Number of protein chains: 2
Amino acid sequence: MFILPAQKHGIRQLMILKKPALYTDLYELTMAQGYFLSGRHTQAASFDYFFRKLPFDGGYVVFAGLADFLQSLEDFEFQPEELDYLKTQGFTDEFIDYLKDFEFTGDIYSVKEGEIIFPNEPVLRVEGSILETQILETLLLNTLNFESLIATKAARIKQAAGDKPVVDFGLRRAQGLGGLQASKAAVIGGFKGTSNVLAGMKYGVDISGTMAHSWIQSFEDELTAFRTYAEHYPDSSILLVDTYNTLDIGVPNAIKVAKELEEEGHRLKAIRLDSGDLAYFARKSREMLDEAGLDYVKIAVSNQLDEHLIKSLLDQDAPIDLFGVGTKLVTAYDNPALDGVYKLSSVNERPTLKISENVEKITLPGSKRVVRYFNEDGEFYRDGILLTDEEDITKVVHPYIDFKYTHTESLKKEELQQQVVKNGKRIIDLPAASESAAYAQKRLSQLPREFKRFDNPHIYKVGLSPNLRKLKDELIQQKES
Amino acid sequence: MFILPAQKHGIRQLMILKKPALYTDLYELTMAQGYFLSGRHTQAASFDYFFRKLPFDGGYVVFAGLADFLQSLEDFEFQPEELDYLKTQGFTDEFIDYLKDFEFTGDIYSVKEGEIIFPNEPVLRVEGSILETQILETLLLNTLNFESLIATKAARIKQAAGDKPVVDFGLRRAQGLGGLQASKAAVIGGFKGTSNVLAGMKYGVDISGTMAHSWIQSFEDELTAFRTYAEHYPDSSILLVDTYNTLDIGVPNAIKVAKELEEEGHRLKAIRLDSGDLAYFARKSREMLDEAGLDYVKIAVSNQLDEHLIKSLLDQDAPIDLFGVGTKLVTAYDNPALDGVYKLSSVNERPTLKISENVEKITLPGSKRVVRYFNEDGEFYRDGILLTDEEDITKVVHPYIDFKYTHTESLKKEELQQQVVKNGKRIIDLPAASESAAYAQKRLSQLPREFKRFDNPHIYKVGLSPNLRKLKDELIQQKES
């Protein structure tokens, strides 16, 4: 699939969006001005990022977007022309003056990029003044929600493909410029590479590609088209065989060219099937290639693939070596948004919560952390949400139901969050996509298979420390009374 | 909804992606190198952009993305560090030298941004050398597919909302940086504005916003939170009333603040409902506001809205004045990709087509244009796809079925495409979002209502000229024989 080695000249985490301060909802700025003008902007605040509902009816989410978010935080400053624009929108001179020198000076704690996370866990926490913590909301959500969504979809697709490589071909149907992040998140989730050249350059991920039908149509006949391509890419050609007729024309022509390449000491890399019944055509093509002594020529397939189709193809023993996945991956077609939110959990040391008409939307108060407990086999067993200022606990309890809890004393455990930003300065290296991908694979291997099932996966249990549960219940009482 | 006037200091069509040449699939570049090294790169070629399947089970698509695509075409050049990167990926020095001075020098013909378009119509045509026309493919598809998709979704939502304004609140759940284009496309489709500040600045569209729950939680009580906001935004406040309890706490507090504003000569603009049964809460809130003499205070609602929910709310006579729509709009949630493709139709004056295992994927050969025919009421009646070099025709025929055709002699008609780029230079002004929006509304008013229905819309007929049909049939015969 013309898979090229990863770029070696260092990791480039540059966002397309160099100065992202205005990539935000207007209300972040009107609230910020309100805090500022009423002299409340320096109040200490803590916000949590978490999601509520697992996408794809799945059992887990792969956390991604941290590197891009931290990068954009470093570039978070208001440009002169942006301030001019805000002036035309009615913001006061006093506030615009304040924004001129704005920079984030708070602290951020986060789980690692590539971590496996579950609903309602505060996986990232931002602490600082109410103004600086609020003003990051939209950018943070936009980045983490989307990259986590795609990394999760990619992990599911990779899971279906097993040890066969999967490559992202989705840029043409991606949601505009979001395609850059989609390609990166695909790699974090387990994809071998992407067709997206800019993602290759900016994130140091492998890029790959085959050929389009137009290449073949531009020649008088398919054989000449194949020959010409093979001449220029004698060891990396993947010939697209379905332009006119797959089995009668395409595969025989590919075999002819493969034989010619052999004479020159080269090897055709693969053929690609992009339409029709992929299982049938793969089987027939494999037979034809093998009969011609070309058992080394691989079969790549594409065309509206997702985890379910790939699973079905492999369940049918279709002899496929490589999968190209596009639209269904890069748009997360069957569930195109992760519902992650960013909620205030304390202000001036006072824990806060939001009571909702919908019970499951009641938020968790106070500054919190996440602890993961492991079973004897070293697999994930339970997660607990604890207050940051409490010591070790002996049990985690159900968020609502009193008689449900888990003893944790004898369990191995890990703190999931680490500090990543201190007084506004990043204190970790930005993780490369390849590092986050390796971490995600490691963590997925620690997740019991029941949670990875596509149909009705088991629900992973996330409990609260008894102190947190008590705090939450007391605050609800207060607000309701 | 704190709707601010559109920016007056000129239209800014800047893309975030300043130099987009590498925002492409690798195979565009490997094919380009193949054409170049085999000396075939200067062959004349013509490519068509068209889509095949109507999204949302709807009856039409609103064409968008032209301005952004034309802008990115002007910025299409390879940067030195990009060429260095391509060198690390195995491209030859000779080809990289060629790319150094690459610029598009061909011609582009397109329907207007905001045009109503239908499946299989070649709405945009690129002519030039095979290399320069091929190399634009991915960027073109990425831009036109996504913006057309969102403009179409926005038009449907606006249709449901009738004369009530609809505003885009989706940035936090948008697919990463694609959110910038989503906000613009929303306006092209009929939205009044967006919360997205960067879209406001770059595209000159109205921006608007309300307040977050965190604003209210950060105060000791909701009333103080409302009062403080109203103090700073005495004539544009929209108070979010569902943080603790909508009818018992939120609305009564909003009424108190509205009365206080009245005493100072100001008016509360609106309240916002963001959870629970929106029809019920809107009705109850309206009663409470009216009883308090606040019939001018509007009711805004948000929370997972789309065209179907809005239609349902208005069918129930819910007294809602403003809709905020987020995730379902900006991700086109129920159909998150448009299947637009870019297909070679001729090379060196030789018409080409692609035969597929799927009949409906056979492409139309030759350089083509689109003509729209109108009925006596000035409404859209039929579209015809003609060869560019043929004169007026007397009938359009069905793409496959011989006895189906329409006489066109007596019908008023319009050529839909105009030349927009000549010898690589843009020859039209970039349309502002507001202009494309006005054009889309005008054209939607010419589309009979049967095609705008949400359930089982009527299928708009697009035929071929007899010459085109004949050319296609002959080429299929040739390839099959």
Side-chain angles (χ1 to χ4, degrees), chain A residues 4 7 16-17 22-27 30-31 34 37-38 85 88-90 130 138 141-142 145-146 171-179 181 195 197-198 201 207 209-215 217-218 228-229 232 243-244 275-276 327 331 333 336-337 344 347 352 354-358 479, chain B residues 4 7 16-17 22-27 30-31 34 37-38 85 88-89 130 138 141-142 145-146 171-179 181 195 197-198 201 207-215 217-218 228-229 232 243-244 275-276 327 331 333 336-337 344 347 352 354-358 479:
Chain A
L4 295 161
Q7 175 202 23
I16 277 183
L17 191 61
L22 285 205
Y23 198 54
T24 192
D25 290 314
L26 179 61
Y27 80 0
T30 53
M31 287 190 287
L37 295 178
S38 56
Y85 172 67
T88 69
Q89 300 298 307
I130 184 91
T138 308
L141 290 174
N142 178 274
N145 280 339
F146 181 53
L171 185 54
R172 63 195 51 208
R173 304 275 166 77
Q175 296 210 338
L177 297 171
Q181 293 156 284
S195 65
V197 185
L198 194 64
M201 176 166 143
I207 55 175
T210 64
M211 60 169 55
H213 294 109
S214 57
W215 173 271
Q217 291 171 258
S218 83
T228 310
Y229 205 80
H232 298 296
T243 304
Y244 302 118
S275 59
T327 313
T331 65
Y333 201 87
L344 184 69
V347 62
T352 65
K354 173 186 172 258
I355 298 175
S356 173
E357 304 291 341
N358 313 15
K479 295 292 176 187
Chain B
L4 294 161
Q7 175 202 22
I16 278 182
L17 190 61
L22 284 205
Y23 199 54
T24 191
D25 291 313
L26 179 62
Y27 80 0
T30 54
M31 287 190 287
L37 295 179
S38 56
Y85 172 67
T88 69
Q89 300 297 305
I130 184 90
T138 308
L141 289 175
N142 178 274
N145 279 339
F146 182 52
L171 185 54
R172 64 194 51 207
R173 304 275 167 77
Q175 297 210 337
L177 297 171
Q181 292 156 285
S195 65
V197 184
L198 194 65
M201 176 167 143
I207 55 174
S208 68
T210 63
M211 60 170 55
H213 294 111
S214 56
W215 172 271
Q217 291 171 258
S218 83
T228 309
Y229 206 80
H232 298 296
T243 305
Y244 301 118
S275 59
T327 313
T331 64
Y333 201 87
L344 185 69
V347 62
T352 65
K354 175 188 171 257
I355 297 176
S356 173
E357 305 292 341
N358 313 15
K479 296 293 177 190

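Since the structure is predicted, the reported quantities are computational estimates derived from the model, not experimental observations.
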Asker: How about A/Thr30 and B/Tyr229: does a side-chain donor come under 3.5 Å of a side-chain acceptor?
Answerer: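 Their side chains do contain a donor-acceptor pair, which is all the 3.5 Å distance test asks for.
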Asker: Roughly how far apart are B/Gln175 CD and A/Asn145 CG, rounded to 0.5 Å?
Answerer: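 Separation between the atoms: 11.0 Å.
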Asker: Output, in order, the C-alpha distance, side-chain angles, deciding distance and verdict of side chain to side chain contact (heavy atoms under 4.5 Å, CB included) for A/Gln217 and B/Val347.
Answerer: CA-CA 8 Å; A/Gln217 291 171 258; B/Val347 62; over 6 Å; no
Asker: Quick one: list whatever passes salt bridge (Lys or Arg N to Asp or Glu O under 4.0 Å) with B/Arg172, sequence neighbours left out.
Answerer: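 Result, salt bridge (Lys or Arg N to Asp or Glu O under 4.0 Å) vs B/Arg172: A/Asp25, A/Glu28, A/Glu137.
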Asker: List the atom of A/Ser214, the atom of B/Leu344, and the distance in Å for their closest heavy-atom pair.
Answerer: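 Nearest pair, atom of A/Ser214 first, then B/Leu344: O-CD2, 3.6 Å.
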Asker: Report the distance from atom NE2 of B/His213 to atom CD1 of A/Ile355, rounding to the nearest 0.5 Å.
Answerer: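 Output value for this atom pair is 11.5 Å.
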Asker: Which atoms form the tightest heavy-atom contact between B/Tyr23 and A/Leu198, and what is the distance?
Answerer: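 That closest heavy-atom pairing would be CD1-CD2, 3.8 Å.
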Asker: Where do B/Asn142 and A/Leu171 come nearest, in terms of heavy atoms and distance?
Answerer: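 Scanning both residues completely, I find the closest heavy atoms to be ND2-O, 2.8 Å.
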Asker: Quick check on the interface: out of A/Thr228, A/Ile130, A/Thr24, who has the most heavy-atom pairs with chain B under 4.5 Å?
Answerer: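 Top count of heavy-atom pairs under 4.5 Å with chain B: A/Thr24.
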Asker: Nearest 0.5 angstrom please: A/Phe146 CZ to B/Arg173 CZ, how far?
Answerer: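 Between A/Phe146 CZ and B/Arg173 CZ, I get 14.5 Å after rounding to 0.5 Å.
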Asker: Rounded to the nearest 0.5 Å, how far does CD1 of B/Ile207 lie from CG of A/Leu22?
Answerer: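 So the CG of A/Leu22 and the CD1 of B/Ile207 are separated by 8.5 Å.
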Asker: If we define contacts as heavy-atom pairs under 4.5 Å, which of A/Val197, A/Thr243, A/Thr352, A/Thr327 has the most with chain B?
Answerer: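 Winner by heavy-atom pair count: A/Val197.
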Asker: Looking at every non-hydrogen atom in both residues, tell me the closest pair between B/Thr331 and A/Ala337 and how far apart they are.
Answerer: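 Scanning both residues, the minimum pair turns out to be CG2-CB, 4.2 Å.
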Asker: Could you give the distance from OG1 (A/Thr210) to CE (B/Met31), rounded to the nearest 0.5 Å?
Answerer: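 Nearest 0.5 Å value for the OG1-CE distance: 7.5 Å.
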Asker: If you count heavy-atom pairs under 4.5 Å between each of B/Gly179, B/Gly178, B/Gly176, B/Ser38 and chain A, which one has the most?
Answerer: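 Looking at each of B/Gly179, B/Gly178, B/Gly176, B/Ser38 in turn, B/Gly176 comes out on top.
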